[in-house]
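Since the structure comes first, as structure tokens, the remarks are kept for the end.
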Amino acid sequence: NLTKVLTETTLKVEALEAEKAEAKAEADRLAKEKAEAKAKAEADRLAKEKAEAEAKAEAAKQSLLDNFSITKVEFKSGKTELTSKSKKLLDETAKKMIDNSNYRYHISGHTDNIGNDEYNIKLSANRAKEVKSYLILQGVDGDLLTTEGLGSLQPIATNDTKEGRFLNRRVEFKIVE
């Protein structure tokens with residue numbers, strides 16, 4: 001009789017230990033799932049933050065590009081001298097460049113088609129250099145700026161009118177990563 005009770009008790013203890021082991025395995029599985037879910041949520045949060053940061057950086061870059069696209073740097077025909085209106089625009093551009101010194105900037109000079117190609121390329125290069133010099137005087141790091149003269153090779157308007165030639169005498173900015 002005692003042996004029977006001992007055997008039954010032993011079986012009950014073994015059953016309880018098996019249930020305990022199963023419960024522990026289930027608890028471990030649930031803890032692992034919870035940790036994985038937490039890790040996934042953290043990864044998702046970080047991915048979202050990264051995407052938002054990238055979108056913000058792209059928006060800042062686009063803002064710079066928009067600023068540059070509306071910056072109409074004007075020159076008198078055949079001259080490299082900046083107008084006072086152009087200096088005011090370049091003052092704003094310089095502030096944006098200083099605030100965004102993580103980018104490099106390429107300045108390309110353009111002319112109308114009055115004069116020969118050699119003259120226009122030299123004039124447009126000098127205009128781009130004049131803009132660079134002015135930006136440096138406003139505090140922009142000169143190492144962030146490169147220049148190029150393209151002459152009348154890339155008109156944005158007709159050279160058959162005074163207004164068109166005026167539009168073609170310009171300096172354009174590009175952000176270089």
Side-chain angles (χ1 to χ4, degrees), residues 38-177:
K38 187 176 179 181
K40 183 181 181 323
E42 181 67 9
D44 290 347
R45 184 188 66 79
L46 291 173
K48 182 179 177 185
E49 283 181 11
K50 180 182 177 187
E52 289 171 354
E54 288 172 348
K56 188 176 179 180
E58 188 59 34
K61 182 177 176 181
Q62 187 59 49
S63 172
L64 279 174
L65 288 172
D66 292 345
N67 181 70
F68 293 160
S69 68
I70 63 169
T71 301
K72 175 62 178 134
V73 180
E74 298 173 358
F75 298 93
K76 295 177 182 171
S77 182
K79 306 281 182 189
T80 60
E81 180 184 341
L82 292 165
T83 65
S84 59
K85 180 180 173 185
S86 292
K87 288 179 181 180
K88 287 179 186 175
L89 289 169
L90 287 172
D91 290 343
E92 291 302 313
T93 300
K95 288 176 189 173
K96 290 201 179 265
M97 286 179 165
I98 291 166
D99 290 343
N100 294 278
S101 60
N102 52 318
Y103 294 113
R104 293 186 174 280
Y105 305 92
H106 183 72
I107 305 166
S108 58
H110 301 267
T111 65
D112 57 32
N113 69 346
I114 304 299
N116 65 46
D117 288 342
E118 182 180 335
Y119 171 80
N120 282 334
I121 288 175
K122 188 175 185 178
L123 176 62
S124 62
N126 288 336
R127 286 177 173 172
K129 288 175 187 172
E130 178 65 23
V131 169
K132 178 181 178 178
S133 295
Y134 186 82
L135 292 170
I136 291 169
L137 286 174
Q138 303 312 305
V140 177
D141 181 354
D143 291 338
L144 301 178
L145 307 173
T146 59
T147 62
E148 174 181 34
L150 297 170
S152 62
L153 299 174
Q154 297 177 355
I156 57 170
T158 180
N159 277 302
D160 295 335
T161 66
K162 182 179 177 182
E163 294 80 15
R165 288 188 298 275
F166 174 78
L167 291 173
N168 289 329
R169 292 189 302 269
R170 69 194 190 281
V171 170
E172 294 179 341
F173 299 89
K174 289 183 184 173
I175 295 176
V176 182
E177 295 298 325

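Atom-to-atom distance recorded for Tyr103:OH and Lys96:NZ is 12.0 Å, nearest 0.5 angstrom. Rounded to the nearest 0.5 Å, atoms CD (Glu130) and CG (Leu135) are 10.0 Å apart. Within the model, atoms OG1 of Thr80 and NZ of Lys122 stand 11.5 Å from one another, a figure rounded to the nearest 0.5 Å. Between Asn126 atom CG and Ile121 atom CD1 the span is 12.0 Å, to the nearest 0.5 Å. To the nearest 0.5 Å, atom CD1 of residue Ile107 and atom NZ of residue Lys129 are 12.0 Å apart. If you take CE on Met97 and CD1 on Ile175, they are separated by 8.0 Å, rounding to the nearest 0.5 Å.
Within the 4.5 Å cutoff, the side chain of Val73 has no heavy atoms near those of the Thr93 side chain.
Shown here is Glu42, whose CD atom has more than 12 heavy atoms of other residues, nucleotides or ligands within 6.0 Å.
Not counting sequence neighbours, the partners of Ser108 by the side chain to side chain donor-acceptor pair (under 3.5 Å) test are His110. Partners of Asp91 by side chain to side chain donor-acceptor pair (under 3.5 Å), not counting sequence neighbours, listed by chain and number: Tyr134. Applying the salt bridge (Lys or Arg N to Asp or Glu O under 4.0 Å) criterion to Lys88, with sequence neighbours excluded, gives no partner residue. For the salt bridge (Lys or Arg N to Asp or Glu O under 4.0 Å) test, residues two or more places apart in sequence or in another chain that qualify with Lys85 are Glu74. For Asn168, the side-chain contact (heavy atoms from CB on, under 4.5 Å) partners are Asp112, Pro155, Ile156, Ala157, Asn159, Arg170, not counting sequence neighbours. Residues passing the side chain to side chain donor-acceptor pair (under 3.5 Å) test with Lys40 are Asp44, sequence neighbours excluded. Considering only residues two or more places apart in sequence or on other chains, Thr161 meets the side-chain contact (heavy atoms from CB on, under 4.5 Å) condition with Thr158, Glu163. In terms of the side-chain contact (heavy atoms from CB on, under 4.5 Å) criterion, Ser133 has no residue partners (sequence neighbours excluded).
Each side chain to side chain donor-acceptor pair (under 3.5 Å) pair with one or both residues in residues 46-56, not counting sequence neighbours, appears once here: Arg45-Glu49.
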Cut-off 3.5 Å, no hydrogens considered: what does the side-chain donor-acceptor table look like for residues 136-151, sequence neighbours left out?
residue: Asp141; atom: OD1; partner: Asp143; partner atom: N; Å: 2.9
residue: Thr146; atom: OG1; partner: His106; partner atom: ND1; Å: 2.7
residue: Glu148; atom: OE1; partner: His106; partner atom: NE2; Å: 2.9

